[in-house]
Amino acid sequence: MYRIGIDLGGTKIELVMLDGAGVEVFRKRRPTPRDYPGTLAAVVELVKEAEAETGQRASIGIGIPGVVSSLSGKVKNCNATWINGQPMDKDLGAMLGREVRIANDANCFAVSEAVDGAGAGKALVFGVILGTGCGGGIAISHKVHAGGNGIGGEWGHNPLPWMTAEEFNSTRCFCGNADCIETFVSGTGFVRDFRAHGGEATSGIEIVARIAEGDALAEAAFERFIDRLARALAQVINTLDPDAIVLGGGVSNIDLIYQRLPALLPKYVLGGECATPVLKNHHGASSGVRGAAWLWAPGELAAMSPEACA
């Protein structure tokens with residue numbers, strides 16, 4: 001049983017095909033056309049090319065930086081704005097002659113890491129993407145938990161927990177609210193805070209590199225960042241109590257996070273102790289596109305007719 005995963009972003013469309021063992025047999029990417037008909041045509045072309053080269057017909061899952069509304073059946077909240085308001089899964093399904101599943105890209109990341117990544121073997125995985133923004137996704141028994149509104153895991157757009165007087169009402173988020181977690185613990189937020197306290201850097205990795213050089217501003221900025229991350233993740237643990245939390249995005253490459261975070265979590269987790277592992281992702285930048293492929297569970301593929309998926 002073969003499966004295709006597609007990562008559809010504002011600048012590129014990437015496709016992978018996996019065989020029944022989850023081994024990659026085909027990969028290709030191309031620029032994203034900046035119009036809806038062109039995007040549909042590009043996806044269809046990639047699928048046909050993958051299937052022609054491998055001689056296999058596959059299930060299709062797509063990750064997008066947005067969601068499909070459970071109320072309207074149309075895409076919303078996507079930074080590839082030309083697909084907002086469109087029934088993309090239905091349109092692609094008609095063009096490709098089979099069901100197409102679409103999920104938020106952070107949910108795809110969570111599924112990928114839950115199936116055969118850092119969270120393999122765990123029943124409930126909370127996936128976190130710390131990059132330009134701050135995304136989150138929930139995988140339960142290797143399946144996406146999107147919720148009735150399609151926003152399951154969107155922890156980044158809750159207020160930062162246990163705010164200090166200095167933090168309160170100090171940031172504005174693109175979503176329209178103040179003091180969202182995203183504005184503090186994303187890579188963008190980390191750099192913003194460092195600059196606000198007199199530092200100058202372009203990335204969180206650059207800030208952390210200066211700690212080894214004895215930069216006091218960098219050390220102080222990281223202490224604020226890691227404490228805020230601990231508060232934000234403790235809120236998730238207190239609510240969901242996942243079996244594992246897996247970090248992705250550029251910020252996840254800061255090894256100092258995994259060294260210092262475990263000691264801070266018990267301060268904020270109910271009961272004063274925390275056994276939840278916080279892990280670095282296994283599949284890196286490929287997690288999203290692999291997770292889109294895993295939107296179809298093995299049992300579902302096996303139950304499909306040969307006409308639907310050979």
Side-chain angles (χ1 to χ4, degrees), residues 7-14 16 29 32 63-66 78-80 104-113 117-119 125-137 153-157 160 171 173-175 180-197 199-213 215 217-219 221-233 236 244-261 264 277-292:
D7 183 10
L8 196 162
T11 59
K12 67 160 178 68
I13 303 172
E14 184 170 18
V16 298
R29 67 166 60 184
T32 305
I64 63 171
C78 187
N79 66 6
N104 177 263
D105 52 6
N107 283 327
C108 291
F109 167 80
V111 168
S112 174
E113 293 297 327
V125 173
F126 188 74
V128 173
I129 298 179
L130 299 174
T132 304
C134 176
E154 285 293 355
W155 73 310
H157 294 287
L160 181 71
T171 69
C173 185
F174 79 90
C175 73
C180 285
I181 289 169
E182 175 167 306
T183 66
F184 291 98
V185 303
S186 63
T188 306
F190 188 12
V191 171
R192 174 199 60 78
D193 176 76
F194 183 57
R195 289 176 172 174
H197 287 80
E200 187 57 45
T202 59
S203 72
I205 291 175
E206 182 181 345
I207 296 170
V208 172
R210 295 185 183 180
I211 294 175
E213 300 169 0
D215 189 317
L217 283 178
E219 175 63 40
F222 185 77
E223 288 180 1
R224 290 190 298 273
F225 166 80
I226 199 69
D227 186 72
R228 290 163 177 166
L229 182 60
R231 283 183 263 158
L233 292 178
V236 172
I245 295 172
V246 182
L247 305 186
V251 177
S252 72
N253 293 315
I254 298 174
D255 291 335
L256 197 58
I257 290 174
Y258 309 99
Q259 297 169 26
R260 296 196 187 180
L261 186 63
L264 289 173
V278 179
L279 309 168
K280 186 176 182 178
N281 66 85
H282 180 73
H283 291 297
S286 293
S287 261
V289 69
R290 288 178 60 86

Review point. So do the side chains of Phe190 and Ile254 get within less than 4.5 Å of each other, counting heavy atoms only?
Key: yes
Point to revise | Residue pair Leu8 / Ile13: nearest heavy atoms and the distance that separates them | key: CG-CG1, 4.2 Å
Point to revise | From CD1 (Ile211) to CD (Glu219), nearest 0.5 Å | key: 4.5 Å
Review point. Thr188: what forms a side chain to side chain donor-acceptor pair (under 3.5 Å) with it, not counting sequence neighbours?
Key: none
Study note, to complete from the structure: When rounded to the nearest 0.5 Å, the distance separating CD of Glu182 from CG of Leu160 is 12.5 Å
Exercise for review: Name all residues meeting the salt bridge (Lys or Arg N to Asp or Glu O under 4.0 Å) criterion together with Arg192; count only those two or more places apart in sequence or in a different chain, and write none if there are none.
Suggested key: none
Point to revise | Exercise: identify the closest heavy-atom pair between Gly119 and Val125 | key: O-CG2, 3.8 Å
**Study point:** Nearest non-hydrogen partners of Gly136 and Phe126, listed with the distance
**Key:** CA-CZ, 4.4 Å
Study note, to complete from the structure: Contacts of Asp215 meeting salt bridge (Lys or Arg N to Asp or Glu O under 4.0 Å) (sequence neighbours excluded), chain-then-number -> none
**Study point:** Non-hydrogen side-chain atoms of Ile205 and Val208 separated by less than 4.5 Å
**Key:** no
Practice item. For Thr202, check side chain to side chain contact (heavy atoms under 4.5 Å, CB included) against everything at least two apart and list the hits. Key: Arg195, Glu206
Practice item. Looking only at non-hydrogen atoms, find the nearest pair between Asn104 and Glu154 and report the distance. Key: ND2-OE2, 4.0 Å
Revision key, fill the gap. Residues passing the ring pair (Phe, Tyr, Trp, His ring centres under 6.0 Å) test with Phe184, sequence neighbours excluded, are none
**Study point:** Contacts of Glu223 that satisfy salt bridge (Lys or Arg N to Asp or Glu O under 4.0 Å) - sequence neighbours left out
**Key:** none
Review point. Is there side-chain contact between Ile207 and Phe222, with at least one heavy-atom pair below 4.5 Å?
Key: no
Study note, to complete from the structure: Looking only at heavy atoms, the pair that brings Gly291 and Val111 closest together is O-CG1, 4.1 Å
**Study point:** Pairs where residues 246-259 contributes a residue and the test side-chain hydrogen bond (donor to acceptor under 3.5 Å, both in side chains) is met, not counting sequence neighbours
**Key:** Ser252-Asn281
Revision key, fill the gap. Sequence neighbours excluded, the answer for side chain to side chain donor-acceptor pair (under 3.5 Å) partners of Thr183 is Thr171
Review point. Do the side chain of Glu113 and the main chain of Ala118 share a donor and acceptor less than 3.5 angstrom apart?
Key: yes
Review point. With sequence neighbours excluded, what pairs up with Asp7 under the side chain to side chain donor-acceptor pair (under 3.5 Å) test?
Key: Lys12
Revision key, fill the gap. Here the gap from Ile245 atom CD1 to Trp155 atom CH2, rounded to the nearest 0.5 Å, amounts to 8.0 Å
Exercise for review: Return the minimal non-hydrogen interatomic distance between Gly131 and Ser186, and the atom names on each side.
Suggested key: O-CB, 3.5 Å
Exercise for review: Give a yes or no answer on whether the side chain of Ser112 reaches the backbone of Gly288 with a donor-acceptor pair at less than 3.5 Å.
Suggested key: no
Review point. With sequence neighbours left out, what residues match His157 under ring pair (Phe, Tyr, Trp, His ring centres under 6.0 Å)?
Key: Phe174
Practice item. I would like to know whether Leu233 and Val128 meet side-chain contact (heavy atoms from CB on, under 4.5 Å); could you show each step before the answer? Key: CA-CA 9 Å; Leu233 292 178; Val128 173; 4.1 Å; yes
Exercise for review: Kindly write out the residues that satisfy salt bridge (Lys or Arg N to Asp or Glu O under 4.0 Å) with Arg228, not counting sequence neighbours, or none if the list is empty.
Suggested key: Glu167, Asp193
Point to revise | Under the side chain to side chain contact (heavy atoms under 4.5 Å, CB included) test, residues paired with Ile129 that sit two or more places apart | key: Ala106, Phe109
Practice item. Starting at CG of Asp105, measure out to CD1 of Ile64 and round the result to the nearest 0.5 Å. Key: 8.0 Å
